[in-house]
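Quick notes on the structure that follows.
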Amino acid sequence: TDDSYLCVWGITMPSPIPVSRLLPKEFYPSIDLGPCSSPLEKHVKDSTLHLPSQGFKARNALKLWSCVIQWKQLRLLHPLGSGGFGSVYKGTYYGKTVAVKKVKKCTKNRLASRQSFWSELNAAHLQHENIVRIVAATTCIPESVENQDNIGTIIMEFAGTATLHHVIYNHAPPLETETCFRFSKDIANGLHFLHSHCIIHLDLKPANVLVTDGNICKIADFGCSQKVDNYNDISPARPQNCHLGGTYTHRAPELLKGENASFKADIYSFGITFWQLMTRGQPYTGDRQAVLYAVVAYDLRPAVTDGVFNETPLGQTCKAFMCRCWNKDPRERPSAKELIGKVETLQDLLT
C-alpha cells in the first residue's frame, strides 16, 4: 500500500517505495524483514551487500537481510561533496577505502528525502564495472555516531573523486574524440545493465558519472532512480510515488510534461551528455523556465553547428546518432543496448 512501512531494528520507517519494488516477486506479499538494515536478499549470488564474517551469526540463507553497518569499523576521513539530499565523505571500512553518503533530513520535503534514500538502494544488489557498487546501507544510526540529522547512511565503493563533469570542463586540452567515444560506451554499458535489471536512473548527467584513475566511467547517484516491473514496462510500477528530481537540462521532455518515466528518458539524458563530451559546451543558457518551455513546446536542443559535427561521415553520423537519442518521441530513441552498437560504429569510423 501507499502507507507501507519498513521495520528496522524495531523502528518503523515510512517507505515511499514499497518493499515489492526492491525485491523479487517470490518474496512478497509475505515478507519477514527481521533485524535488517535495508530490504535486500542475501542469497542472490550477484548481491554486493556483504557482511564480514567476524562476529556475524548467519541466519537462514533464504531469509531476507542486508548488511548491518559495523560503526566501529567505519572511519570518515574528509568530505567529498554535498547535494540536495545529503553529503558524501571519503572514509575507510574494515580498512578499505570507501565513499560514505549520508542522506539528510530535508525539512522542506521530508517525503522526497526519504524517497531519495530508498531509491539509492534500487541498484544495491547489482555489480557491474560501470556502476558504483553499494557495500552497505542502514537507517539505524546510533546516537553515539552522530546527531541524528540523517535518515540513512550508504557505504559505497570508492571510485575516485573526479566526475565526468570535471573531466570535460576542467581538462586543460580538449578530450580526444577516441576518449569521448570510450567514455560514452562505458555509460551505455552501465545504462544497458541497469535497464536489463528494470532500473531507470532518471538523473544521468556528467556530474553523476565518476571517472576512475583507470579512466573507467561509473554511473553513480541513484537518488532519483525508479524500478519497473519488467524490462518491457514503459512506466514505473507506482508512478504516483515519483518525485520530480533530476536536472532540468538533461530531463526528457515527456517528464517535463508530467508523463510517466520510461527507459527512454535515460537515453535522452545520454544524448545531452554525449553532446557535452563532444563539444565541451553548456547545453542551455538563460532563464530556467524559458528553457523548459522551449524544450517542450519548440523542441529546443543544444546547437549542433559546431565543427565537430561537420560534413565528414564521422561528424554526420555523430549528429544523427545524438539527434535520435534526444528525439521528442521516446519511441524513436534507441535502446541502451543499441547505444552500445552505435558507439562502436563511431569508434570504427574513427580508425
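Only heavy atoms go into these numbers, but all of them, side chains included; no hydrogens, no water, no symmetry mates.
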**Request:** May I ask you to check whether Phe222 and His201 place their ring centers less than 6.0 Å from one another?
**Result:** yes
What about Tyr248 and Tyr284, are their ring centers closer than 6.0 Å? no
Looking only at heavy atoms, which two atoms of [X] and [Y] are closest? And how far apart?
| X | Y | answer |
| --- | --- | --- |
| Ala220 | Val132 | CB-CG2, 3.6 Å |
| His195 | Ala336 | ND1-CB, 3.6 Å |
| Gly271 | Met322 | O-CG, 3.7 Å |
| Ser335 | Ile267 | C-CD1, 4.0 Å |
| Cys217 | Ile187 | CB-CG1, 4.4 Å |
| Leu191 | Leu339 | CD1-CD1, 4.4 Å |

request  = For side-chain contact (heavy atoms from CB on, under 4.5 Å), just list the numbers for Ile131 and Leu126, CA-CA rounded to whole Å, side-chain angles, deciding distance to a tenth of an Å, and then say yes or no.
outcome  = CA-CA 8 Å; Ile131 302 294; Leu126 303 178; 5.6 Å; no
Got a second to check how far [X]'s [atom1] is from [Y]'s [atom2], nearest 0.5 Å?
| X | Y | atom1 | atom2 | value |
| --- | --- | --- | --- | --- |
| Thr305 | Lys319 | OG1 | NZ | 8.0 Å |
| Asp213 | Thr161 | CG | OG1 | 7.5 Å |
| Asp203 | Asp266 | CG | CG | 9.5 Å |
| Asn215 | Arg182 | CG | CZ | 5.5 Å |
| Lys227 | Leu194 | NZ | CG | 9.5 Å |
| Ile69 | Ile154 | CD1 | CD1 | 8.5 Å |

- Task: Step through the shown structure and confirm whether more than 12 heavy atoms of other residues, nucleotides or ligands are within 6.0 Å of CG on Asn170.
- Result: yes
>> Take a 6.0 Å sphere around OH of Tyr293 and say whether it holds more than 12 heavy atoms from other residues, nucleotides or ligands.
In response: no
Are [Y] and [X] linked, directly or through intermediate hydrophobic residues, by side-chain heavy-atom contacts shorter than 4.5 Å (ILVMFWY only)?
| X | Y | result |
| --- | --- | --- |
| Val135 | Tyr94 | yes |
| Trp326 | Leu292 | yes |
| Ile272 | Val211 | yes |
| Leu80 | Met156 | no |
| Ile216 | Phe274 | no |

**OP:** Would you sort out whether Ile155 and Leu74 count as a side-chain contact (heavy atoms from CB on, under 4.5 Å), showing the intermediate values?
**Re:** CA-CA 9 Å; Ile155 301 178; Leu74 181 61; 4.1 Å; yes
Between [Y] and [X], is there a side-chain heavy-atom distance shorter than 4.5 Å?
| X | Y | value |
| --- | --- | --- |
| Val228 | Phe263 | yes |
| Leu255 | Tyr268 | no |
| Arg333 | Cys325 | no |
| Phe193 | Ile219 | no |
| Leu175 | Leu277 | yes |
| Val209 | Asp186 | no |
| Glu157 | Val98 | no |
| Trp275 | Phe309 | yes |

Main chain of [Y], side chain of [X]: is a donor-acceptor contact present, judged purely on distance under 3.5 Å?
| X | Y | answer |
| --- | --- | --- |
| Thr92 | Lys96 | no |
| Gln316 | Asn310 | yes |
| Tyr93 | Gln70 | yes |
| Ser225 | Ser119 | yes |
| Thr247 | Thr249 | no |

Practice item. Check the pair Asn208, Thr163 against side chain to side chain donor-acceptor pair (under 3.5 Å), reporting the backbone distance first and the verdict last. Key: CA-CA 7 Å; Asn208 285 341; Thr163 68; over 6 Å; no
| For Phe158, is the NZ or CZ atom of Lys90 found under 6.0 angstrom from the centre of its six-membered ring and inside 45 degrees of the ring axis? | yes
* Asked: Hey, what's the ring geometry for His125 with His197, parallel, tilted or perpendicular (30° and 60° as the breaks)?
  -> perpendicular
Please list every donor-acceptor pair under 3.5 Å in which a side-chain atom of residues 341-351 meets a protein atom from a residue at least two apart or in another chain.
from: Glu344; atom 1: OE2; to: Lys185; atom 2: NZ; distance (Å): 3.0
from: Thr345; atom 1: OG1; to: Gly341; atom 2: O; distance (Å): 3.0
from: Thr351; atom 1: OG1; to: Asp348; atom 2: O; distance (Å): 2.8

Residue pairs passing the salt bridge (Lys or Arg N to Asp or Glu O under 4.0 Å) test with at least one member in residues 280-302, sequence neighbours excluded, are Asp299-Arg301
Notebook entry, point to check: Can Glu129 and Lys218 be counted as an ion pair, charged N to O under 4.0 angstrom?
Noted result: no
Is Glu120 paired with Lys102 through a side-chain N to carboxylate O contact shorter than 4.0 Å? no
**Q.** Lys101 and Asp221: CA distance, side-chain angles, deciding distance, salt bridge (Lys or Arg N to Asp or Glu O under 4.0 Å) verdict
**A.** CA-CA 10 Å; Lys101 173 176 277 192; Asp221 199 338; 3.6 Å; yes
Given the options Lys205, His165, His250, Gln276 meets side chain to side chain donor-acceptor pair (under 3.5 Å) only with His250
